[in-house]
2 protein chains.
Amino acid sequence: MSNLEFAPPKYAQIVQAIQTRIEDGTYPVGTMLPSEARLVREFGSGRSTVVRALQILSMQGWIEREHGRGSFVKGVPAHGAERSHAGASAFDAPENVGDTTVTAAGRAAAPAVVAEALNVPENSPLIRRQRVILDEDSPSELVTLWFPLDIASGTDLGDTGVIAIGAREHLQALKQVRPARITERLSARLATAEERRLLATEEGAPVLAILATVLNAENAPIAVADIVLPGDLHELEDSYPAT
Amino acid sequence: MSNLEFAPPKYAQIVQAIQTRIEDGTYPVGTMLPSEARLVREFGSGRSTVVRALQILSMQGWIEREHGRGSFVKGVPAHGAERSHAGASAFDAPENVGDTTVTAAGRAAAPAVVAEALNVPENSPLIRRQRVILDEDSPSELVTLWFPLDIASGTDLGDTGVIAIGAREHLQALKQVRPARITERLSARLATAEERRLLATEEGAPVLAILATVLNAENAPIAVADIVLPGDLHELEDSYPAT
DNA sequence: GACGACCACTCGTCCGATCAAGTGAGTATC
DNA sequence: GATACTCACTTGATCGGACGAGTGGTCGTC
């Protein structure tokens, strides 16, 4: 149109135009879109180009195409789910920020739940790395990372020194591990004595406990994070399409 | 090939073939795919068809296409997140299944958190609908649904009679409401006296509390579900790609 | 050796055409 | 009135060509 300016490709322009019209109600939800032939005339492009735009809109969920009938407006596609991924953060958070203290690092015997998640016998030796995060000078989060010995060997994960990048990045920089997926198990329970000590909470205080397992592409466990959040300090948020 | 059997379109066959080859390692991650010209020769189809297949694979995250260089294998795309959507279930679960008891239905004043979620003043009159779900004869879940009066009017949500379909379906069948999104806030706390009575738990028992708000496309709240799960009976699962 | 011209190869976009197949309304037939 | 046919209109799939543009190598010149 205007100049030789950076013009997006025609098909993308058509996609954009139709999205706008759906958003502003020019094409109301449920109604039929102009036919391909019509759009070809309106936009002055070949049918293949119009069809390409419609296919993209269809794949993104804006419209529905029905063979022999027409294309119909479905509406603005809902975003995917959004949530706080406590597990991912546990492995990605660096330790050199002000309010993080590494409280333990080194060998330790696997507790039952961790052993189960890592698929090793209970009390097997593992590398444990534990930190407490303060919020306004009072402890607000206790994170314990657990790694199999072979995965942690050759890394600094078992040393008490601060790791300035996230554990995941540290691991990936030194070893051939490829995290593919994280699964989390979340429950409410009372804090254990050890947790009460580290978090400075009262007896009988409820906590949100998250056990996050990092898996590689073959679904083999790479690491486990045990995250303990005092109930009165934390709220997790989650948001997803309603259909 | 074989007969006149139901053959999927060529482009879909090409998509499938390449997906299989990525999965079984014929095309290892990171390597370059055969060029379009090569694939055209191999599959005996036009370039447009091959390109269409490659574009689909690219949009689905299997490959990455680089102008002037080639197409490269990214790997099997990770699934989206999967989790139990307690909020959605609260509105979709029917009440006529064996272990559900409607314990209250009718007008009630809005508690603070519910009022805030529904964007009304505290103690405003609302329709409340409460049920307890038993697991093996002991209470395992307490769900309280809250609706603004105008939304619930003309429905059976305020009556104590059992609603055989989910509340959402009931509502949508009778009124013009379109749920678009659900947001959840999750926390661990101790059960209140009222909750202990309904759930038959001890004093000091931790519970997982979920406050789910149903929003329409304009982000206006339609309903709220207050879900209380005794901590010793429930574990929520969550799983998502690690990148 | 550094630089640039050239060239083969790659993907990106667009076009117009053909044939197929599903839909729905109108029409002719019974 | 019910049925079958026709026809206009719709999307679905595919083809082959054309031009543009980014990449990376070779090769010649300086």
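Convention: sequence-line order gives letters A, B, ...; per-chain numbering from 1.
A donor-acceptor pair shorter than 3.5 Å cannot be found between the side chains of Thr101(A) and Arg131(A). A donor-acceptor contact closer than 3.5 angstrom links the side chains of Arg181(B) and Ser239(A).
One atom, CD1 of Ile56(A), and another, C1' of dG12(C), lie 12 Å apart when rounded to the nearest Å. The separation between Phe72(B) atom CZ and dT23(D) atom P is 11 Å, rounded to whole Å. Computed from coordinates, the His67(A) NE2 to dT10(D) P distance equals 13 Å when rounded to whole Å. Distance CD (Glu36(A)) to P (dT14(D)): 15 Å, rounded to an integer number of Å. What separates CD1 of Ile14(B) from P of dA13(D) is a distance of 13 Å, to the nearest Å. Atom CZ in Arg65(B) sits about 18 Å away from atom P in dC9(C), given to the nearest Å. For the pair Met59(A) CE and dG12(D) C1', the interatomic distance rounds to 14 Å; values are reported in whole Å. In this structure, the CD atom of Glu64(A) is 19 Å from the P atom of dT10(D), given to the nearest Å.
One can find a donor-acceptor pair under 3.5 Å joining the base of dT13(C) and the side-chain atoms of Arg47(B). A donor and an acceptor atom never sit less than 3.5 Å apart when one is taken from the side chain of Arg52(B) and the other from the base of dG12(D).
Sequence order on DNA chain C of the closest nucleotides to Pro9(A) and Met32(B) puts Met32(B) first from the 5' end.
Under 4.0 angstrom from either OP1 or OP2 of dC9(C) there lies no side-chain N or O belonging to Arg69(B). OP1 or OP2 of dC11(C) sits under 4.0 Å from a side-chain N or O of Ser71(B). Contact annotation: Ser48(B) does not reach the phosphate of dT14(D) (side-chain N/O to OP1 or OP2, under 4.0 Å). In this structure, Thr49(A) reaches the dC15(C) phosphate: one of its side-chain N or O atoms is under 4.0 Å from OP1 or OP2. Phosphate proximity of dC15(D) to Lys10(B): present, with a side-chain N or O under 4.0 Å from OP1 or OP2. Between Tyr11(A) and the phosphate of dT13(C), there is a side-chain N or O to OP1/OP2 separation shorter than 4.0 Å.
Within the 4.0 angstrom heavy-atom criterion, base atoms lie near Gly68(B).
Here Arg21(A) pairs with Glu42(A) in a salt bridge; the nearest charged N to carboxylate O distance falls below 4.0 Å. The pair Glu36(B)-Arg41(B) does not count as a salt bridge, with every side-chain nitrogen at least 4.0 angstrom from each carboxylate oxygen. Ion pairing between a basic and an acidic side chain is recognised when a charged N comes within 4.0 Å of a carboxylate O; Arg178(B) and Glu218(B) show no such pairing.
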